[in-house]
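Given the structure is predicted, the values throughout are model-derived calculations rather than measurements. Chain A is the first sequence line, chain B the second, and so forth, proteins listed ahead of strands; every chain is numbered from 1.
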Amino acid sequence: MTDTQRPEARSPRGFIDRRARDLTAERKILTAVSAVYERYGFEPLETPAFEYADALGKFLPDADRPNEGVFALQDDDEQWIALRYDLTAPLARFAAQNWETLPKPFRRYAFGTVWRNEKPGPGRYREFTQCDADTVGSARPEADAEIIAMAAEGLVAAGVPEGAAVLKINNRKLLNGLMAAAGVADEGQKLAVLRAVDKLDRLGPDGVRLLLGEGRLDESGAFTKGAGLNAGAAERVLAFTAAGAGRAETLGRLADVIGGSAEGDEGLAELAAIDAALTSLGLGADRAIFDPAVVRGLEYYTGAVFEAELLLGTTDDKGQPVRLGSVGGGGRYDDLVARFTGERTPATGFSFGISRLAAALRAAGREAAADLRGPVVVIVFDQTRMADYFAVAGELRGAGVPAEVYLGASGMKAQMKYADRRLSPAAVIIGGDEFAAGTATVKDLDLGRALSKGVTDNAAWRAERPGQVTIPRAELVATIRKILDAQSLDSAL
RNA sequence: GCCGCCCUAGCUCAGUUGGUUAGAGCGCCAGAUUGUGGCUCUGGAGGUCUCCGGUUCGAUCCCGGGGGGCGGUACCA
């Protein structure tokens, strides 16, 4: 094979490899959040990674652009199938397909990988994990409130300290009512207003004012066409987005701004009911607030919308402050199942972006050091005694201690280095002396890690053999157990 | 998608106003230390200077295009 024929070892754009550090953290979050969902009475459901493209809805592949937004391919029966881009659309399909036999309302949670064929950015990939819970078949605002409460509890279970995250709640009907009152009837104009409001956190009121009016010229020189509202209507929209305060107080302020549109009043009533339910579920304004500036996606939400925002201050690899922003979101989508059945079916749900949540927690230094632990390494001192070494590893494993026999070809020095690099708590050394005496030498690597900080002289360091004890073979497991119980990795690192 | 910037060793980056042997730090490997990781010292390996084409006696450097990355913007279920 020549050089030019060799493939380059690289992962596709927007896709990343994730190692133990990330995976253990994500699994923990997944397990914790799932447990919360189950405690609220949601049953697990797994649906396929692929769906027929028309079932996914919005991004229908056509001959020209089959992969717009989704990863799609044509099956050998000529039908387009596509990788799911979230867990809600497959749920809508499942609910429609099995509606007759499902207990209603149907409450399920699901987690899994989703794929989006779009431009990757920092912390934004084309493949990631979501954990999602939905109630299908209940129009009650309490169903929304319960989803919100569950999301708040999920955050705590995932390791977010109380007070470090907030659920922001809004209702599409308010925005619709506002626009009706402001005289916005054109659908395109409505969308433009929603997009403008969605940018409030990034551009501020002045930027949004421009986008509500004629348009805005950004620093790269690109011009974004605005919604074309007149000044009075634009100010009315801005006043609406600024109405956030305490939950009850926000409701009062919004009532003033929206002023009696039928749809707006409906939205207000729903929010009032959500407020009451949240209060009885024990969620105060420190954990769930009304924020009129929350928009979420444009397409399918019909009522309440929610967003989970992390408030932890964090920095990236280079020490730059990072805005963590949203780690999950959801809302009410009363029309999604109707796409299949023709019958309006109320539904509401919430999704966590697990990878993003895990990355945020790691960035905030909330990662448990125990996640990084390697196994106890049994040093191969004598190639002819492999059976004995495997017996030692087996004994440790039997006692529930992760352990492995070194399977490389290198000498003892390299084996010690290997154990160190794996962040192993201990190494087991059994050589000629130990075999003869019926003993084992156990080296506490954590202790060495801690002591090494103050060591400058290599000869003395080696002579001392810190944390190393030779004990009767029968006491091996107990000795290792003692080292593990000390959990000295934190102080060693 | 559009606009701008960038791409030299595994990583972070020097450097060559186009000239023949391209550098550093960190990391990696080995020895000092015959059965012992982290400190120190010594040595070593590692580069088609992102790729393809053009200009040139000669291109890592100049020009064009591709790819990848970063930032802004648009979109974001």
Problem set entry | OP1 or OP2 of B:U73 under 4.0 Å from side-chain N/O of A:Lys225 |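 False: A:Lys225 side-chain N/O out of range (4.0 Å or more) of B:U73 OP1/OP2.
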Exercise. A:Arg195 side chain N/O closer than 4.0 Å to the phosphate oxygens (OP1, OP2) of B:A74?
Worked result: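 Checking B:A74 against A:Arg195, no side-chain N or O comes under 4.0 Å of OP1 or OP2.
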Exercise. Does A:Glu434 make a side-chain donor-acceptor contact with the base of B:G35, cut-off 3.5 Å?
Worked result: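 Result: at least one qualifying N/O pair found.
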For this session: Check if the side chain of A:Lys119 and the base of B:G69 share a donor-acceptor pair of N or O atoms closer than 3.5 Å.
Result: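 Between B:G69 and A:Lys119, which were checked side chain against base, a qualifying N/O pair under 3.5 Å is absent.
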For this session: Map A:Gly14 and A:Arg116 onto RNA chain B by nearest heavy atom, then report which one ends up closer to the 5' terminus.
Result: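 The answer here is A:Gly14.
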Exercise. Which comes earlier along RNA chain B counting from the 5' end, the contact point of A:Trp115 or that of A:Gly431, where each point is its nearest nucleotide?
Worked result: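 First, find each residue's nearest nucleotide; the 5'-ward one identifies A:Gly431.
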Problem set entry | A:Arg126 to A:Phe15 six-membered ring, cation-pi geometry met (6.0 Å, 45°) |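 Output no; distance or angle outside limits.
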For this session: State yes or no: are the ring centers of A:Tyr406 and A:Tyr418 separated by less than 6.0 Å?
Result: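 A:Tyr406 vs A:Tyr418: aromatic centres under 6.0 Å.
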For this session: Using distance alone, with no hydrogens and no angle criterion, decide if A:Asp335 and A:Thr302 have a side-chain donor and acceptor under 3.5 Å apart.
Result: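 Not at all, the side chains of A:Asp335 and A:Thr302 share no donor-acceptor pair under 3.5 Å.
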Exercise. Which nucleotide, in any strand shown, forms a Watson-Crick or G-U wobble pair with B:U60, with both distances under 3.5 Å?
Worked result: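 Pair assignment: B:U60 / none.
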Exercise. Should B:C29 form a Watson-Crick or G-U wobble pair with both distances under 3.5 Å, which nucleotide is its partner?
Worked result: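 When the pairing criteria are applied, B:G43 turns out to be the nucleotide that pairs with B:C29.
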Exercise. A:Ile429 near the nucleic acid: base, sugar-phosphate alone, or nothing, with a heavy-atom cut-off under 4.0 Å?
Worked result: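 Base, at least one base atom sits under 4.0 Å.
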Problem set entry | Backbone of A:Ala403 reached by a side-chain donor or acceptor of A:Arg397 within 3.5 Å |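 Flag set: sc A:Arg397 to bb A:Ala403 pair under 3.5 Å.
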